[in-house]
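Input: a single structure, listed below in structure tokens.
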Amino acid sequence: TIIFVSGDIDAVTCGKLQEKTDELINNGNKRLLLDLSEVNYISSAGLRVILATAKKLYTDGVFAISGPKPAVREILEMVGLTNIIAIYDDLETAQKSIGKQ
């Protein structure tokens, strides 16, 4: 399942993202791909949602991120999320890789 996000992921918007990821996981989706190609900024609140989602799928699922812009990728790298979540440059590469898992 691909979740397309656009704009900013911050304290104002992260609740909607959390609701959507929780809904998908609760409905049995165990393979989530978060496409960030249209995201310009991510705050610590947004990072918490990403980390919480990764934790929920850690043992029996797949969670990955595709297409982060350089500024967003830099934030993901700074906080160490690139060490625990697969991050792909584009959606097509992510889909191929996740399909093999």
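Considering all non-hydrogen atoms of both residues, Asp8 and Thr13 come closest at O-OG1, 2.8 Å. In terms of heavy-atom proximity, Ser66 sits nearest to Ala94 at CB-CB, 3.8 Å. Of all the heavy atoms in Tyr88 and Pro68, the pair that sits closest is O-CD, 3.6 Å. Residues Leu57 and Phe63 come closest through the heavy atom pair CD1-CB, 3.9 Å.
One distance of note links CD1 of Ile25 with OG1 of Thr1; it measures 10.0 Å at 0.5 Å rounding. Considering CD of Glu74 and NZ of Lys69, their distance stands at 15.0 Å, rounded to 0.5 Å. With rounding to the nearest 0.5 angstrom, the CG atom of Leu47 is 8.5 Å from the CD1 atom of Ile9. Taken from CG in Asp35 to CD in Gln95, the straight-line distance is 9.0 Å, to the nearest 0.5 Å. Rounded to the nearest 0.5 angstrom, Thr53 OG1 and Lys20 NZ are separated by 12.5 Å. Interatomic distance, CG of Asn29 versus CG of Asp22, reported as 12.0 Å (0.5 Å rounding).
Under the 4.5 Å side-chain contact rule for hydrophobic residues, Leu32 and Tyr58 do not share a cluster. Taken together through direct or relayed side-chain contacts under 4.5 Å among Ile, Leu, Val, Met, Phe, Trp and Tyr, Leu81 and Tyr41 form parts of separate hydrophobic clusters. Following chains of ILVMFWY side-chain contacts shorter than 4.5 Å, one cannot reach Val12 starting from Ile3, and the two form parts of different hydrophobic clusters.
A 6.0 Å sphere centred on NZ of Lys55 holds no more than 12 heavy atoms belonging to other residues, nucleotides or ligands. Heavy-atom neighbours of Glu77 CD from other residues, nucleotides or ligands within 6.0 Å: above the threshold of 12.
Here the side chains of Glu19 and Glu23 are not in contact, with every heavy-atom distance at 4.5 Å or above. By the 4.5 Å heavy-atom criterion applied to side chains, Ile50 and Ile42 are counted as neighbours.
With respect to Ile87, the side chain to side chain contact (heavy atoms under 4.5 Å, CB included) criterion is satisfied by exactly one of Val72, Leu36, Ile65: Ile65.
Checked against side chain to side chain contact (heavy atoms under 4.5 Å, CB included), Ser6 has the following partners two or more places apart in sequence or in another chain: Glu38.
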